Amino acid sequence: MFRLLQRLKRRVRARLKLTRAESDGMVQPPRWLFKISLLVLLTALITALYPIRLTFLPISVPQMGDIAANDIIAPIDFPVEKSPEELKDDIQKAVSEAPVVLDFNGFLYDSIKAQVDSFFNAAKNLKQTSSNHRTQVRRLRLYFPQFDESVIGRILILDSLDKYAEAALSALDDVYFAGVISDVDSAREGEGSNVAIVKSTGRLPLKRDQVVSLGQVSSHAARAFGFEEPEINRLLAAVLTGFARPTLTVNYPQTERERTLAIASIPREEISFHAGEVIIRRNQKVEPMHLKWLNALAEQRARLSEKSQFWQYAQPVVGRSLLTGFILALFATYLYFFKRRESWANVRFVAVLLLILFQALMNYAVGFRLDISDYLIPYAIGSMMFAILFDLEIGLMATFSLAMLQGVLTNFDFTSVFINVASGSIACFSVKEVRRRTDFYRPVIYLSIGYVALAYSLEFLQFTEPRKMVTEFGFGVINAVVSPLLAMGFLPIFESLFNLTTDITLLELSDMNHPLMRRLAMEAPGTYHHSMVVGNLSENAAEAIGANPLLARVGAYYHDIGKMEIAEYFVENQSGIKNKHEKLTPNMSALIIGSHVKKGVELAEKFDLPEKVTDFIEEHHGTTLMTYFYNKAKESGENGELHDEDFRYPGPKPNSRETAIVMLADSAEAASRTLDEPKPNRIRNVIQRIINDKFAAGELSDSALTMHDLKQIENSFVNMLIGVFHARIDYPRSGDES
């Protein structure tokens, strides 16, 4: 499985690898079309990342808790609609307050009233026609069996039944004024506290507890009587209870209609603004309701634009796209003119754009979707990865570009832009030199201090309360710890997928236990020692001119690995054996010597060496002429007309300062070993001659080395080689030795 992934990765690299013609400036139109297409695609993705409605907000909208710098005026009339939660609460309240409609049965009430009157008339007549009390009770109960004999007997012994009959009818009117319902709970539809009694004379709104149930008739009737004797009041109440019937019934269709009307009457708008009204006043602290009002403004502008012409609706989107595209194009232009070698190759350009998209996605996920503190948005991750994968300058330029993108996407929020620039810059400088994994503790410390200082400065200016300020400090420290850890986790993915080389990778390759280094030491010990010396020369020279010393040293270690396959054909490995080139023609010797470059590239691909290291293998001889074999062929005269191309290394010429340094160090180390007396002046003369010859032959034309650099390299080589070939004390020998 691992081998399959390696093959797949190599195929991807081969598809994206920059050709030499492109690196020389001969860029073909399809290459430009590819890069422009990627920029357009990235612009579209980032533009679509944030909601379109944000483009309809005024620019420089303050965030929650900020102090508004200026008045924000409503440009149009717009309503602020209630949230779904608020609307749900209003609906529940409206339903609970909508009345339960109860129909009053007037005919039934008249019937009850007639029965009460009939009861007292019958009692009065019986008292007049019969003198036997028991007979009166028995006969009256035959007409009204719902009463006990005790109740009827006590009624019949009362004097002035007309008076009590009149009082009973009056009390009946009081009890049945609103009507009687079979059970008061049947009026509790939902949790409403209101009822509406519908009578022939009109509609009577009441509270639920004002409706009398059958069980409450007796107590209500007793209170309606005003006699001094409580017993009389209870007796008359018992009579009315005996005739009690429910006169109210729930009108379910009408009740449902009342609820529907109540829901329909709920205003959907929380508040309405008219054009020219102030939404947020200057120096006012931004509260959640202000953000809600601003979002309502954006939605209203979006709705109006949708109803108008398409161009008016698309204008804000096009505006955001143009700003996003301009920032990305500006960054790409910087890479083309100033960092073409480092970042303009297809594979690296894709890596750059993916890093930008990756950072934009993280900013969106943490800053917008989660909507938490700005100090928790991991702005520093992208900056660190750019600085480590490419260099400090690209990291800083990417930081400013990402900050501008964040500003465009958040409607020019200065706070987020400033935090992005500050934290990203600190992150870039803190990882300027990352030689080991433990170096990631440095950005943790620097970012922690930076975030605390940022939070204090910004929150103090916004009059943030101390407790919240301390919380922001904590968020910043958490971000400072998490961001380097995430960057360290994502780095190997980008390194492997896009064949990018970091100092960490170079340090791993500088380990002498690497399989290629062990093979070189065993199979070509002379070449191994030569590579070590060249590595030391190159490292010091690179440090002297401000190039990458680690890259120069590691490149020098691997520049001659192709000699392992045919080690005996190279003079440094021929100690004690006869020179094999004595039996070969000059052409064949040149072919064998030049083949070590191709064999080295094949080994580099087999062992998955980074492209930056492979460049040293290809470029450390450039297109130099193999003078010894060329002159030997000329002297022999056996080859007829000679072509110097047959005696040149395949190239290409060095394309970086580091590969050019290794080319010079390789020649200087080899030439210095031919000196019989390696005195300082002779060493300097040899090195000057080598540098001048390479310069005159045009081998350094693509390396970006200046004349000042070449002088610094010369001095560095001289100092190092004088140390290597320093004079030793001639100790006196013993007598036996003499």
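Note that the structure is predicted; figures quoted are calculated from it, not measured.
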Any Lys35 side-chain heavy atom under 4.5 Å of Tyr336 side chain: no
In sequence, state the C-alpha distance, the side-chain angles, and the governing distance for Ile356 and Leu405, and then conclude on side chain to side chain contact (heavy atoms under 4.5 Å, CB included). CA-CA 10 Å; Ile356 293 174; Leu405 278 177; 3.9 Å; yes
Near Met512 CE, under 6.0 Å, is it more than 12 heavy atoms from other residues, nucleotides or ligands? yes
Flag the pair Tyr364 / Ile46 as yes when at least one side-chain heavy-atom distance between them is below 4.5 Å, and no otherwise. no
Heavy atoms, side chains only, cut-off 4.5 Å: are Met517 and Met532 in contact? yes
Donor-acceptor under 3.5 Å (Arg518 side chain, Asn513 main chain): yes
Under the criterion side chain to side chain contact (heavy atoms under 4.5 Å, CB included), I'd like the reasoning laid out for Leu664 against Glu714: C-alpha separation, chi angles, the key distance, then a yes or no. CA-CA 9 Å; Leu664 297 174; Glu714 176 191 329; over 6 Å; no
Can a donor-acceptor pair be found, under 3.5 Å and without considering hydrogens, that links the side chain of Asn479 to the backbone of Tyr375? yes
Would you check if Val554 and Phe616 make a side-chain contact, meaning some heavy-atom pair closer than 4.5 Å? no
Taking atom CZ of Phe429 as the centre, report whether more than 12 heavy atoms of other residues, nucleotides or ligands fall under 6.0 Å from it. no
Minimum heavy-atom distance Leu551-Lys612, with the two atoms named: CD1-CB, 4.2 Å
How many angstroms lie between CG in Asn420 and CD in Gln359, if you round to the nearest 0.5 Å? 7.0 Å
With distance as the sole test, does Thr47 use its side chain to make a donor-acceptor pair with the main-chain N or O of Thr43 at under 3.5 Å? yes
Are Glu602 and Lys599 close enough for a salt bridge, meaning some N to O gap below 4.0 Å? no
List the atom of Thr659, the atom of Asn655, and the distance in Å for their closest heavy-atom pair. OG1-N, 3.5 Å
Aromatic plane relationship, Tyr649 with His621 - under 30° parallel, 30 to 60° tilted, over 60° perpendicular: parallel
If you measure from CG on Asp709 to OG on Ser716, what distance do you get to the nearest 0.5 Å? 12.0 Å
Contact check, side chains of Leu516 and Met564, non-hydrogen atoms, under 4.5 Å: yes
For Gly546, does its backbone N or O pair with a side-chain atom of Arg657 as donor and acceptor, under 3.5 Å? yes
Min side-chain heavy-atom separation Glu619-Val662 under 4.5 Å: no
Before we go on, tell me: are the rings of Phe358 and Phe490 under 6.0 Å apart, centre to centre? yes
Given 3.5 Å as the limit, does a donor-acceptor pair link the side chain of Ser672 with the main chain of Glu669, or not? yes
Walk me through it: do Glu393 and Tyr334 pass the test side chain to side chain contact (heavy atoms under 4.5 Å, CB included)? CA-CA 10 Å; Glu393 293 178 10; Tyr334 162 78; 3.5 Å; yes
Checking the side chain of Ser483 only, and the main-chain atoms of Ala480 only, is there a donor and an acceptor separated by less than 3.5 Å? no
Of the non-hydrogen atoms in Ala427 and Ser383, which two are nearest, and what is the gap between them? CB-CB, 4.4 Å
Nearest non-hydrogen partners of Ile377 and Asn363, listed with the distance: CG2-OD1, 3.5 Å
Return the CD1 to CG distance between Ile661 and Leu705, rounded to the nearest 0.5 Å. 6.0 Å
Step-by-step side chain to side chain contact (heavy atoms under 4.5 Å, CB included) determination, Tyr379 to Leu402: CA-CA 9 Å; Tyr379 297 123; Leu402 288 167; over 6 Å; no
For Phe418, does the CZ atom have more than 12 heavy-atom neighbours from other residues, nucleotides or ligands under 6.0 Å away? no
Can the ring centroids of Phe570 and His530 be said to lie less than 6.0 angstrom from one another? no
Approximate separation, where rounding is to 0.5 Å, of Ser425 OG and Tyr446 OH: 15.0 Å
Does Tyr528 reach the side chain of Glu523, with side-chain heavy atoms less than 4.5 Å apart? no
Report the C-alpha separation of Phe349 and Phe34 in whole Å, then their side-chain angles, then the decisive distance to 0.1 Å, and conclude whether the ring pair (Phe, Tyr, Trp, His ring centres under 6.0 Å) test is met. CA-CA 10 Å; Phe349 192 71; Phe34 173 71; 7.9 Å; no
Using every non-hydrogen atom in the two residues, find where Val431 and Pro443 come nearest and quote the distance to one decimal. CG1-CG, 3.9 Å
Are any non-hydrogen side-chain atoms of Asp374 and Phe475 less than 4.5 angstrom apart? no
Val534 and side-chain contact (heavy atoms from CB on, under 4.5 Å): which single residue from Met663, His559, His620, His529 fits? His559
Any chance you could measure Thr505, atom OG1, to Leu389, atom CG, to the nearest 0.5 Å? 9.0 Å
Tightest non-hydrogen contact, residues Ile690 and Ser667, listed as CD1-O, 3.4 Å
Check: Ile394 main-chain N/O paired with Asp391 side-chain donor or acceptor under 3.5 Å: yes
Treating Tyr558 as the side-chain partner and Leu609 as the backbone partner, does any N or O pair qualify as donor plus acceptor under 3.5 Å? no
Roughly how far, to the nearest 0.5 Å, is CZ of Phe717 from CD1 of Ile683? 13.0 Å
Please check this pair: side chain of Glu658 against backbone of Ala542, looking for a donor-acceptor N/O pair closer than 3.5 Å. no
Please check this pair: side chain of His596 against backbone of Ile593, looking for a donor-acceptor N/O pair closer than 3.5 Å. yes
For atom CD of Gln688, is the number of surrounding heavy atoms from other residues, nucleotides or ligands below 6.0 Å larger than 12? yes
